[in-house]
Amino acid sequence: MVVKGLHGAFLEAPTEKVMGDVQRIFYFHAPAGIIAFLAFAVTGVASLLYLWKRALIFDVVAHASAEIGLLFCTIVLVTGPLWARPVWGTWWTWEARLTMTLVLWLIYVSYVLVRRYTDSRDQQARFSAVLGIVGALDIYIVYRSVTWWRGLHPVVLQPSGGGGLDPDMRVVFVFCIFVYLMLYACLMAIRIPIGTAEDELAALQEQHARRRNA
């Protein structure tokens, strides 16, 4: 599927008349943003469930999705400047969508780092759950930033007001979203069992330490 997606983005999709081939970054940039939003939304929901149920499995799911979402958000922040340099004439500008996306990325960097500052498993889960919920709320601000503050960022994917996509471009774009979605699902299927195993190992080590000190 990845090869098919690359073939579609570079060889099947028509060349955009104004921007030329640099527009093909769109097939990597926008799907990565959509999946990052999905991943952070999953983190937000799982974080709420953890604070409600206090079951560690929800924290494991939230943590896994946050790490993977951070990966996709990093792709967004790398591919965006690659497109902006030839189109806008600058790698970065502090316009609304870019700034709020960077804020979103920093929230989830903090999410990952805060777990390292305490050995208490409960504190790890509670502190990161709060950040996970804040980050999920920031998704809506990032999404609406283009229309609220009317920055430079294109509005192609807005429900109204965008220029839309050529039908051939739309087919490739939807397929790239599907490829990214499958990649997200595969990474979650790998990361969640690892997180569960880490919790089980930590519980066994704690139990062993109590017996040794008894």
Side-chain angles (χ1 to χ4, degrees), residues 1-2 5-6 9 23-49 58-84 91-115 128-149 151-159 162 165 170 172-192 195:
M1 285 196 298
V2 173
L6 291 171
Q23 183 269 344
R24 297 182 191 280
I25 292 175
F26 170 77
Y27 301 107
F28 307 96
H29 177 77
I34 291 171
I35 301 304
F37 281 3
L38 170 68
F40 294 150
V42 170
T43 296
V45 171
S47 296
L48 279 172
L49 289 172
F58 294 122
D59 176 66
V60 171
V61 172
H63 184 201
S65 196
E67 287 183 338
I68 298 167
L70 191 56
L71 170 65
F72 281 104
C73 196
T74 302
I75 293 173
V76 172
L77 290 175
V78 170
T79 54
L82 292 177
W83 173 86
W91 294 103
W92 180 268
T93 178
W94 293 100
E95 70 94 49
R97 172 63 68 84
L98 274 63
T99 302
M100 295 312 300
T101 302
L102 179 61
V103 169
L104 184 68
W105 184 82
L106 289 172
I107 289 173
Y108 283 94
V109 168
S110 302
Y111 178 101
V112 173
L113 292 179
V114 77
R115 305 176 71 91
S128 54
V130 173
L131 280 173
I133 293 168
V134 171
L137 294 175
D138 190 50
I139 292 172
Y140 184 71
I141 299 175
V142 175
Y143 175 71
R144 296 290 294 173
S145 60
V146 174
T147 51
W148 284 350
W149 292 291
L152 293 173
H153 197 281
V155 291
V156 177
L157 300 179
Q158 293 288 336
L165 285 175
R170 189 180 302 122
V172 175
F173 176 65
V174 171
F175 184 77
C176 287
I177 293 174
F178 178 72
V179 172
Y180 275 49
L181 182 61
M182 291 299 101
L183 181 59
Y184 168 75
C186 290
L187 291 173
M188 285 290 281
I190 295 171
R191 186 64 181 92
I192 290 174

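The residues of the chain are indexed from 1 along the displayed sequence.
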Pairwise side-chain contact, Val174 with Arg170, heavy-atom cut-off 4.5 Å (strictly under)
yes

Which heavy atom of Ser47 sits nearest a heavy atom of Ala62, and at what distance?
OG-CB, 3.8 Å

Atom of Ser128, atom of Asp59 and distance for their closest heavy-atom approach:
OG-OD1, 3.7 Å

Within the structure provided, determine whether Leu98 and Trp92 are in side-chain contact (heavy-atom separation under 4.5 Å).
yes

Judged by atom type as modelled, is there a donor-acceptor pair below 3.5 Å linking the side chain of Ser65 to the main-chain atoms of Val42?
no

Roughly how far, to the nearest 0.5 Å, is the CD1 atom of Ile107 from the CG atom of Leu131?
7.5 Å

Do you know the tightest heavy-atom contact between Pro81 and Val76?
CD-O, 4.4 Å

Taking the side chain as everything from C-beta on, heavy atoms only, tell me whether Phe175 gets closer than 4.5 Å to Tyr27.
no

Would you say Thr43's side chain and Ala66's backbone share a donor-acceptor pair under 3.5 angstrom?
yes

Nearest 0.5 Å, what's the OG1-CD distance between Thr101 and Glu95?
8.0 Å

Residue pair Phe37 / Cys73, side-chain heavy-atom distance below 4.5 Å
no

Which atom names give the shortest non-hydrogen contact between Ala41 and Ile139, and what distance separates them?
N-CD1, 3.6 Å

Do any N or O atoms from the side chain of Arg97 and from the backbone of Val142 form a donor-acceptor pair under 3.5 angstrom?
yes

Indicate yes or no: at least one non-hydrogen side-chain atom of Pro31 is less than 4.5 angstrom from one of Val179.
no

For residues 102-114, pull every pair meeting side-chain hydrogen bond (donor to acceptor under 3.5 Å, both in side chains), keeping only residues two or more places apart or in separate chains.
Thr74-Trp105

Gap separating the CG atom of Leu113 from the CG atom of Leu106, nearest 0.5 angstrom:
10.0 Å

Counting only N and O atoms by type, is there a donor-acceptor contact under 3.5 Å from the side chain of His29 to the main-chain atoms of Thr79?
no

Please check: side-chain N/O of Glu67 versus main-chain N/O of Leu70, any donor-acceptor pairing under 3.5 Å?
no

May I ask you to check whether Trp148 and Tyr140 place their ring centres under 6.0 Å from each other?
yes

Student check: side-chain heavy atoms of Ile141 and Leu137 closer than 4.5 Å
no

When rounded to the nearest 0.5 angstrom, what distance separates CD1 in Ile68 from CG in Leu187?
5.0 Å

Closest heavy-atom contact between Gly44 and Ile133?
O-CG1, 4.0 Å

Rounded distance (nearest 0.5 Å) linking atom OH of Tyr180 with atom CD1 of Ile75:
5.0 Å

Going by heavy atoms in the side chains, are Phe72 and Leu38 under 4.5 Å from each other?
no

Between the CD1 atom in Ile35 and the CZ atom in Phe40, the distance rounded to the nearest 0.5 Å is 11.5 Å

